[in-house]
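Working notes, beginning with the structure itself.
This structure is a prediction, so every number in the text was calculated from the model and none was measured. Both ligands and their constituent atoms are indexed starting at 1 by order of listing. Counting begins at 1 with the first residue of the sequence.
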Amino acid sequence: MSPLILSAAGTALVLDTSGSGLPRVRHFGADLGAAEGAGLLPALASLTPAPPLLPAQGDSWYGRPGLSGNREGGHWPVRWTRDRVDAQAAPGEGGTVTVAASDARAGLELVCELAMDAGGLVTMRHTLTNVAASPYRVEGLVCALPVPARAGELLDFTGRWALEKVPQRRAFGQGVWSRENRRGRTGHDATGLLVAGTPGFGFRGGEVWAVHAGWSGDHLHYAERLAEGPALLGAGELLEPGEVVLAHGESYRTPWAYFTWSGGGLDGASARLHDHLRAARPLPVRPVTLNNWEATYFDHGLDRLLELADRAAAAGIERFVLDDGWFRHRRHDRAGLGDWYVDEGVWPDGLHPLAEHVRKLGMQFGLWFEPEMVNPDSDLLRAHPDWILGRAERMPPPQRTQQVLDLARPEAYAYLLERLDSLVGEYALDYIKWDHNRDIAEPVHDGVPGVHAQTLATYRLLDELRARHPRLEIESCSSGGARVDHGILARTDRVWTSDSNDALDRQAIQRWTGLLVPPERMGSHVGAPHDHVTGRSLPLAFRAATALFGHMGVEWDLTSASEEELAELAEWVALHKRLRPVLHAGRVVRADHPDPSALLHGVVLPERAVFALAQLTSRVAIGAAPLRLPGLDPAGVYEVRVAGPLPRAAHLPEWTGGPVRLSGAVLGELGLPSPALRPETALVFELERV
Ligand code: GLA
C-alpha cells in the first residue's frame, strides 16, 4: 500500500497506512523527493517500531501513551481500528489528513487531524469522543511525532518574571524529559519550543525538530527515547484528575500542536512558525507605540498625560496606550481589578479629554485591561464573591493581592463582555493591552479543576470581542511574557515580550522569544535611561537599536527627557518606520557568531535586509570576528551601508564610512570586517540589492 505523504518547503511527513490500526509515522524530516511512493515503506521498515499517530501498548508501544484515561469498572485498554482516512495532499504543496478510528470495546472514537501548510509547518490535533453509556475520564491526550536516532541533543527554555526564555541544553538520552506547566497560564518558565537536534545544532547549522503546544493553560512538552530506540517529541494540554470527564456523546479536543523541522538549524524551524502566523493573521502596518506604564505608573494626572502625548507625537509615535490605573478604585495595585468603569474621581470627564487629544495628535488610542482578574477590594467581588475561580469559602492564595474570575461562569463572562464591549465602543478603542498578572492557584469551576474551562472561556471572550470590533487590536500581556503561545497569538496581534525593558537582557529575551514569535508581533520598548527593573543604565542608542527589531514602542517618561534625547529618539523612530517594511515582513536570521560577547542578527527580504551587531560585553579577543551575514542570496550583489548613528567604537572599519558593494557569497562566507565596538553599543546596517 502506498504511504500517505505530506510535503512542502523541503520537508515531508510519511504515514504508513498498512494494517488496520492508526497510521504509523515512518518519517518526519527532509523531503524525500523522487524516493516517494510505493517503494518507500519496505525500505523504511526496520527493527525499531514506528510510532502510530497516537502511541499505545496495543501497537507494541511501551513509552508514554498518547491517550491516558479510564472508565471506572469497565476499563478496556484502547486498541484503535481505523475507520476512515481522508487525505488531500499534493506533492510540494502540503495538505491535510484526517483519520477516524474507534474501539467499540473501550467505547471511544478518535479523530486525528494533521495538516502541513505551504511553508512546511505541521499542525496536529486529536478529538476523542465517549460513545459508551458510562463516563470516561480523560487524563491526557497528546500529539507526538517521531525524531530519528541522530537527534541526540535537546534544547528547551525556562525563565522568570522579567527574564523570559532562558535556554537550557542537555543530551537526549533514554527516558522522558518533560516540561510541565501548572500555572493556569502559559508561564514565564514555559519552554515555548522544545527542540531536538543533531548534537551542536545552532541557528544556522544542524538538523532540528521542534514542537510547540498552542495553548494558554496548563500544558506539557516532552521528549522521550525508548530502550527499543525510537524517540518522540510531544505536546498537549496538562489535565488535572477529574478536569475532563466525558459523558456519553461528549468530546475532548486537544489544542493544536505545532511541529517544525529544519535541515539548516533553528532559523529554518522558526521561519515555518513565523510564516504560518503571518499567513493566518496578516497585520496592517505596526504603529510605533507609547505605553505610559513606566512613565507615570498610577499617576493619571491629565496634564502630565497630555504632555506625554505631545512629546510622543513629536517623536513620531503613532499609538498611545493608557496602562493600568484608569478604572474605579485603582489608585494602587491592591484594589479595583474587576471594576471596569472609568474612575470618576480621577477622570471626571471620562477618558475623553485624553482620547480626543491623542487622536488630534494623529495617534491611535489604546487601553489596558486585566479581564480575568479581580481584587478582593473591589465592588465586583463584594457583590459576587462566588465568581471566584476557586472556593469562595477558602480563597486561593493571593498573588499581587488578586484573585481570578471564573470566566466559564456565564454571569462573569457576560459581565466582562459587556464592560469590554461598551468601553471599546465608547472610546472607539484601537487597541487593548490584555493582561493576566498571576499564576492560577487552586482553580475550581463547578466543583472540578477549572483551568481547561477557563482557557476556553478566555479564547471565546477574545473571539467574541473581536467579532464585534473587527478592527480592534489586542496585545497579550501576562506580567510580561507569561502568555506567549500560538493559541493566544491566533487571536491577538502581539505579545508583551517581557516586563524588562533592559536592552541588554532584552537582546537575549527577544532572540529566543523570536523563535516562536515574528518581530512584528513582539512588543519591544525603549525604556528609561535607568532601567526600572534591573537598575542598569544604558545609552539611548543601545536601547533604541534593541527595540528597533520588534514592534517598536517607548515606555519612558518623555516629559523628563532632554531636548537632545527627544531628538535622538525621533531619529530612531523615523529609522524604524523606514525599515519596518523589512523588519516586519522579512526572514529573521541569527548568526552563529563565534564571539560570545556579541550578537549578530538580521531580517532579510529578497531585495533588502537589515542587520545589527549588538556588543553585549567586552571582547576577549583583540581582533573582532568578521560579520558573516546569513540568509543572503550568494549570487546577489548588495550595497551595504550603516543605518542610524555610528556607535562608540575603538575601531570602525572602512565600510562603515560609506556604502560598499559586495556579493551575497562574500558577505556570507568571508563576512564584513567587524567594528571593535564598546560594550552596550550596537551597529545597525542595511543592505540593498543592486
Ligand atoms: C503587568 C504588565 C505591565 C503593566 C502592569 C500594570 O506587570 O506586564 O506591563 O501593564 O502589569 O499593572
| query | Is the His584 to His576 ring centre distance short of 6.0 Å? | reply |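 Yes, they do, as the ring centres are separated by less than 6.0 Å.
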| message | Before we go on, tell me: are the rings of Tyr431 and Trp368 under 6.0 Å apart, centre to centre? | response |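 Tyr431 vs Trp368: aromatic centres not under 6.0 Å.
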| Measuring from each atom of ligand 1, which residues have a heavy atom under 4.0 Å away? |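 Lining ligand 1: Trp293, Asp323, Asp324, Trp368, Arg400, Lys433, Asp435, Asn437, Cys477, Ser479, Gly480, Trp496, Asp499.
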| query | Do any N or O atoms from the side chain of Glu442 and from the backbone of Arg391 form a donor-acceptor pair under 3.5 angstrom? | reply |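 It does not hold such a pair.
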| field | Asp435 (side chain) donor-acceptor with Ser479 (main chain) under 3.5 angstrom | value |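 It does hold such a pair.
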| Lys/Arg-Asp/Glu bridge criterion (N-O < 4.0 Å) met for Arg468, Glu464 |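 So Arg468 pairs with Glu464 through a salt bridge.
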| request: Could you note down all residue pairs passing side-chain hydrogen bond (donor to acceptor under 3.5 Å, both in side chains) where residues 525-538 supplies at least one of them, sequence neighbours left out? | output: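 Every pair satisfying side-chain hydrogen bond (donor to acceptor under 3.5 Å, both in side chains) with a residue in residues 525-538: Tyr297-His532, Arg494-His525, Asp502-Thr534, Asp502-Arg536, Asp505-Arg536, His525-Glu555, His530-Ser537, Asp531-Thr534.
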